[in-house]
Q: 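Structure provided below as structure tokens; questions to follow.
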Amino acid sequence: MKKQERLRTSLSEEIEEMLNEQVMKEAKSSFNYLAMSAWCERRGFVNSAKFFEIQSDEERQHMKRIFNYISSVGGTAITPSVGKIQQEFESFRSVFEIGLDQEIEITRSISRIVDKCSELKDYTTANFLNWFLGEQVEEEAIARRCLEIFDIVDQQGLGFLMIDREIALVRDQAQPPADA
Ligand code: OFO
């Protein structure tokens with residue numbers, strides 16, 4: 001059956017597997033951001049809660065974009081299981097550090113798929129993934145800017161309040177990728 005299905009798609013088994021793994025990573029990122037949003041909300045950091053909620057929605061869009069691509073080129077898109085999601089965080093700052101690490105890992109993961117696409121001459125998928133590479137430049141810049149705010153502002157009492165206010169502005173100030 002598997003062989004029969006492969007005859008109907010130009011997608012190699014290897015790339016299909018990597019794309020499905022990426023679907024899972026985007027879904028996990030979405031849930032991670034949702035947990036971060038709830039953590040911020042519980043501590044009264046309402047702007048940061050909103051910030052992470054938006055991030056979560058975006059990751060879900062990314063997941064769907066890849067999921068739909070797999071289907072549209074005749075592959076088998078797999079609904080992901082994401083495992084356990086971290087709900088508690090050491091500090092306000094650590095939430096943003098984890099966010100940046102997550103974005104960096106996603107960038108590397110997409111780059112690995114693009115590498116594999118070059119090796120297998122799958123230019124269609126490489127072209128599809130280009131959009132994600134542009135998006136990652138923006139997302140990493142946003143996450144780094146958030147951490148810069150922590151570096152600039154004194155991290156206690158009123159400082160936390162200022163950080164939370166500044167976080168509300170970060171997405172508006174970010175430059176969109178050229179082809180977004
Ligand atoms: Fe979809 O991982 Fe970032 O934005």
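These numbers come from the heavy atoms of this one structure, side chains and all, not from hydrogens, waters or symmetry mates.
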Q: First locate atom CZ of Arg65, then atom CD1 of Ile70, and finally report the distance between them rounded to the nearest 0.5 Å.
A: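 Result: 14.0 Å between the selected atoms.
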Q: After noting the C-alpha distance and the side-chain angles of Leu129 and Leu19, does the key distance pass the side chain to side chain contact (heavy atoms under 4.5 Å, CB included) rule?
A: CA-CA 10 Å; Leu129 290 172; Leu19 288 173; 4.3 Å; yes
Q: Where do Gly99 and Met36 come nearest, in terms of heavy atoms and distance?
A: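 Smallest interatomic distance, heavy atoms only, reads N-CE, 4.0 Å.
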Q: Is it true that atom CZ of Phe89 has more than 12 heavy atoms of other residues, nucleotides or ligands lying nearer than 6.0 Å?
A: yes
Q: For the atom pair SG (Cys117) and CD1 (Ile110), what is the distance rounded to the nearest 0.5 Å?
A: 11.0 Å
Q: Does Glu105 come within less than 4.0 Å of Arg112, counting only side-chain N to carboxylate O?
A: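 A salt bridge links Glu105 with Arg112.
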Q: When rounded to the nearest 0.5 angstrom, what is the spacing between OH in Tyr33 and SG in Cys40?
A: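 The OH atom of Tyr33 sits 12.0 Å away from the SG atom of Cys40.
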Q: We want to know whether Gln22 and Glu26 form a side-chain donor-acceptor pair, criterion being a heavy-atom distance below 3.5 angstrom.
A: yes
Q: Please check if Val82 and Ile78 belong to a single hydrophobic cluster, counting links between Ile, Leu, Val, Met, Phe, Trp and Tyr side chain heavy atoms closer than 4.5 Å.
A: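 Result: no, two separate clusters.
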Q: Backbone N or O of Ser56 within a donor-acceptor pair of the Ser30 side chain at under 3.5 Å?
A: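 Judged by distance alone, yes, a pair lies under 3.5 Å.
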Q: Dump the intermediate steps for side chain to side chain contact (heavy atoms under 4.5 Å, CB included) on Glu119 and Lys116, then the final yes or no.
A: CA-CA 5 Å; Glu119 189 190 315; Lys116 185 52 81 179; 3.3 Å; yes
Q: For Val170, check side chain to side chain contact (heavy atoms under 4.5 Å, CB included) against everything at least two apart and list the hits.
A: Ile142, Arg145, Cys146, Ile149
Q: Name all residues meeting the side chain to side chain donor-acceptor pair (under 3.5 Å) criterion together with Glu58; count only those two or more places apart in sequence or in a different chain, and write none if there are none.
A: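 Scan of Glu58 (side chain to side chain donor-acceptor pair (under 3.5 Å), adjacent residues dropped) gives Arg171.
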Q: Looking only at heavy atoms, what is the nearest atom pair of Ala35 and Ile85, with distance?
A: CB-CG2, 3.8 Å
Q: Should Thr76 and Thr9 count as side-chain neighbours, where that means a heavy-atom distance under 4.5 Å?
A: no
Q: Does some side-chain heavy atom of Met18 sit less than 4.5 Å from a side-chain heavy atom of Glu14?
A: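 Glu14 does not reach Met18 side chain to side chain.
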Q: According to a 4.5 Å side-chain heavy-atom criterion applied to Ile, Leu, Val, Met, Phe, Trp and Tyr, with indirect links allowed, do Val73 and Ile113 form part of one hydrophobic cluster?
A: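 Yes, one cluster joins them.
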Q: Check whether any side-chain heavy atom of Gln136 lies under 4.5 Å from a side-chain heavy atom of Leu133, and answer yes or no.
A: no
Q: Roughly how far apart are Phe132 CZ and Ser109 OG, rounded to 0.5 Å?
A: 11.0 Å
Q: Looking at Ile163 and Val153, what are the two nearest heavy atoms and their distance?
A: CG1-CB, 3.8 Å
Q: Answer yes or no: is there a side-chain heavy-atom contact under 4.5 Å between Phe52 and Val95?
A: yes
Q: Give every residue pair that meets the salt bridge (Lys or Arg N to Asp or Glu O under 4.0 Å) criterion with at least one member in residues 67-89, sequence neighbours excluded.
A: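 Listed by first then second residue: Arg42-Glu88, Arg43-Glu88.
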Q: Indicate yes or no: at least one non-hydrogen side-chain atom of Phe128 is less than 4.5 angstrom from one of Asp122.
A: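 SC-SC contact between Phe128 and Asp122 ruled out.
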Q: Answer yes or no: is there a side-chain heavy-atom contact under 4.5 Å between Ser37 and Phe51?
A: no
Q: What is the ring orientation for Phe96 with Phe150, classed by angle as parallel under 30°, tilted 30 to 60°, or perpendicular over 60°?
A: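 It falls in the tilted class, 30° to 60°.
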Q: Let me confirm one number: the CD1-CZ distance from Ile167 to Phe92, rounded to the nearest 0.5 Å.
A: 6.0 Å
Q: Should Glu166 and Leu169 be marked as a side chain to side chain contact (heavy atoms under 4.5 Å, CB included) after you check the CA-CA gap, both sets of side-chain angles, and the distance that decides it?
A: CA-CA 5 Å; Glu166 287 296 316; Leu169 306 174; 4.1 Å; yes
Q: Can you list everything that forms a side chain to side chain contact (heavy atoms under 4.5 Å, CB included) with Phe67? Sequence neighbours excluded, please.
A: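 Here the qualifying residues are Val23, Ala77, Thr79.
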Q: In the single-linkage hydrophobic clustering (I, L, V, M, F, W, Y; side-chain heavy atoms under 4.5 Å), do Met24 and Ile66 co-cluster?
A: no
Q: Taking the side chain as C-beta and beyond, is there a heavy-atom pair between Ser29 and Ile106 under 4.5 Å?
A: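 A side-chain contact under 4.5 Å exists here.
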Q: Test of understanding: with side chain to side chain contact (heavy atoms under 4.5 Å, CB included), list the residues that count as partners of Glu97, not counting sequence neighbours.
A: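 Residues passing side chain to side chain contact (heavy atoms under 4.5 Å, CB included) with Glu97: Arg93, Ser94, Leu147.
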Q: With a 4.5 Å heavy-atom cut-off, do Trp131 and His62 have their side chains touching?
A: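 Of all side-chain heavy-atom pairs linking His62 with Trp131, at least one is under 4.5 Å.
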Q: Atom CD1 in Ile104, atom CD in Glu139: separation rounded to 0.5 Å?
A: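 Those atoms lie 12.5 Å apart.
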Q: Take Thr124 and Tyr69 through the test side chain to side chain contact (heavy atoms under 4.5 Å, CB included) and record every step on the way to the result.
A: CA-CA 11 Å; Thr124 315; Tyr69 173 78; 3.7 Å; yes
Q: With a 4.0 Å cut-off, would you call Glu140 and Arg144 a salt bridge?
A: yes
Q: State which residues pass side chain to side chain donor-acceptor pair (under 3.5 Å) with Asn20; sequence neighbours excluded, sorted by chain then number.
A: none
